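Heads up, the thing below is written out as structure tokens.
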Amino acid sequence: QVQLVETGGGLVQAGDSLRLSCAASGLTFRTYTMAWFRRAPGKGREFAAAISRGGNMYFADSVKDRFTISRVNIQNTVFLQMNSLKPEDTAVYYCAATVSFYSKDADAYNIWGQGTQVTVSS
């Protein structure tokens, strides 16, 4: 059974940091491009960051220089380190996977986790 499980969300204050984790199972993790998307209240799903099979990283302009993405293939896990959090970062964060090349388009990803809530208070 293919599964992505996100953990690490929570309630923090503006300026704080959080690290999200996404544990994968049932797939050959090292062959997948991994990404984080988010959905803020009342808004559509938005690309946040991605990391390719080879470790190349991609970020949305809104999180660039504040967020970092990394992966540990031996642990089948991808991380999203979020620093200098802002209230506008409040969203449900989803982990996603694809065997294709990196894309900002959510439709390119066919495996999704259930999401973890991140709330940033001002």
Side-chain angles (χ1 to χ4, degrees):
Q1 179 183 359
V2 176
Q3 194 173 16
L4 300 177
V5 179
E6 303 97 333
T7 56
L11 172 63
V12 296
Q13 293 186 332
D16 286 349
S17 298
L18 270 180
R19 188 175 82 154
L20 306 182
S21 300
C22 170
S25 58
L27 53 80
T28 307
F29 182 77
R30 67 181 185 278
T31 67
Y32 280 76
T33 295
M34 303 298 297
W36 288 93
F37 287 78
R38 63 186 186 181
R39 188 191 298 272
K43 296 187 177 181
R45 195 164 39 185
E46 174 192 35
F47 169 78
I51 186 166
S52 70
R53 294 181 289 270
N56 294 319
M57 296 176 286
Y58 308 90
F59 298 95
D61 289 342
S62 57
V63 307
K64 192 175 181 181
D65 298 327
R66 298 188 299 120
F67 290 11
T68 299
I69 188 170
S70 60
R71 64 190 299 161
V72 180
N73 288 342
I74 196 170
Q75 296 179 355
N76 288 357
T77 303
V78 61
F79 302 97
L80 185 67
Q81 177 67 43
M82 305 184 294
N83 300 324
S84 302
L85 282 162
K86 304 175 180 180
E88 51 263 45
D89 294 318
T90 294
V92 177
Y93 283 71
Y94 298 92
C95 178
T98 180
V99 292
S100 300
F101 293 112
Y102 148 74
S103 173
K104 292 184 177 181
D105 185 354
D107 290 338
Y109 298 82
N110 62 321
I111 303 171
W112 291 84
Q114 293 297 311
T116 184
Q117 176 71 47
V118 172
T119 303
V120 185
S121 64
S122 57

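Values below: every heavy atom of this structure, side chains too, minus hydrogens, waters and symmetry copies. Just so it is clear, the structure is predicted and the values come from calculations on it, not from any experiment.
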[X] to [Y] six-membered ring, cation-pi geometry met (6.0 Å, 45°):
| X | Y | result |
| --- | --- | --- |
| Arg71 | Phe29 | yes |
| Arg19 | Phe79 | yes |
| Arg53 | Tyr102 | no |

Hey, is the main chain of [Y] close enough, under 3.5 Å, to the side chain of [X] for a donor-acceptor pair?
| X | Y | result |
| --- | --- | --- |
| Ser103 | Ala108 | no |
| Ser52 | Thr33 | no |
| Thr31 | Val99 | no |
| Glu6 | Cys95 | yes |
| Tyr94 | Thr116 | no |

(request) For the pair Gln75 and Asn73, evaluate side-chain hydrogen bond (donor to acceptor under 3.5 Å, both in side chains) and give the outcome as yes or no after the intermediate values. (result) CA-CA 5 Å; Gln75 296 179 355; Asn73 288 342; over 6 Å; no
Is there a path of hydrophobic side-chain contacts, each under 4.5 Å between heavy atoms, that joins [X] and [Y]?
| X | Y | value |
| --- | --- | --- |
| Val2 | Val78 | yes |
| Val63 | Ile51 | yes |
| Met34 | Leu27 | yes |
| Tyr58 | Ile111 | no |

(message) If you count heavy atoms of other groups shown closer than 6.0 angstrom to CD of Gln13, is the number above 12?
(response)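 Incorrect, the count does not exceed 12.
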Identify the heavy atoms of [X] and [Y] that sit nearest to each other, and give their distance.
| X | Y | result |
| --- | --- | --- |
| Ala14 | Pro87 | CB-CD, 4.1 Å |
| Arg66 | Ser84 | NH1-O, 3.0 Å |
| Ser62 | Glu46 | OG-OE2, 3.7 Å |

What distance do [X] atom [atom1] and [Y] atom [atom2] have between them, rounded to the nearest 0.5 Å?
| X | Y | atom1 | atom2 | result |
| --- | --- | --- | --- | --- |
| Tyr93 | Arg39 | OH | CZ | 13.5 Å |
| Ser17 | Leu85 | OG | CG | 6.5 Å |
| Asn110 | Ser100 | CG | OG | 7.5 Å |
| Thr98 | Asp107 | OG1 | CG | 11.0 Å |
| Met82 | Arg38 | CE | CZ | 9.0 Å |
| Cys22 | Trp36 | SG | CH2 | 5.0 Å |

(request) For side-chain contact (heavy atoms from CB on, under 4.5 Å), just list the numbers for Phe67 and Asn83, CA-CA rounded to whole Å, side-chain angles, deciding distance to a tenth of an Å, and then say yes or no. (result) CA-CA 6 Å; Phe67 290 11; Asn83 300 324; over 6 Å; no
(request) Compute whether any side-chain donor of one residue and acceptor of the other, for Glu88 and Thr90, lie under 3.5 angstrom apart. (result)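 Not at all, the side chains of Glu88 and Thr90 share no donor-acceptor pair under 3.5 Å.
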(request) Decide yes or no on side-chain contact (heavy atoms from CB on, under 4.5 Å) for Leu18 and Val118, but give the supporting numbers first. (result) CA-CA 9 Å; Leu18 270 180; Val118 172; 3.9 Å; yes
(request) Flag the pair Trp112 / Phe37 as yes when their ring centroid distance falls below 6.0 Å, and as no otherwise. (result)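 Yes: the rings meet the under 6.0 Å criterion.
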(message) Any heavy-atom pair between the side chains of Gln114 and Leu4 that's under 4.5 Å?
(response)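 Answer no - side chains too far apart.
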(message) With a 4.5 Å cut-off on side-chain heavy atoms, are Ile69 and Phe59 touching?
(response)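 With C-beta onward as the side chain, the pair touches.
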(request) Could you walk me through whether Val120 and Lys86 pass side-chain contact (heavy atoms from CB on, under 4.5 Å), step by step? (result) CA-CA 6 Å; Val120 185; Lys86 304 175 180 180; 5.5 Å; no
(request) Under the side-chain contact (heavy atoms from CB on, under 4.5 Å) rule, what do Leu20 and Gln81 come out as? Steps first, then yes or no, please. (result) CA-CA 6 Å; Leu20 306 182; Gln81 177 67 43; over 6 Å; no
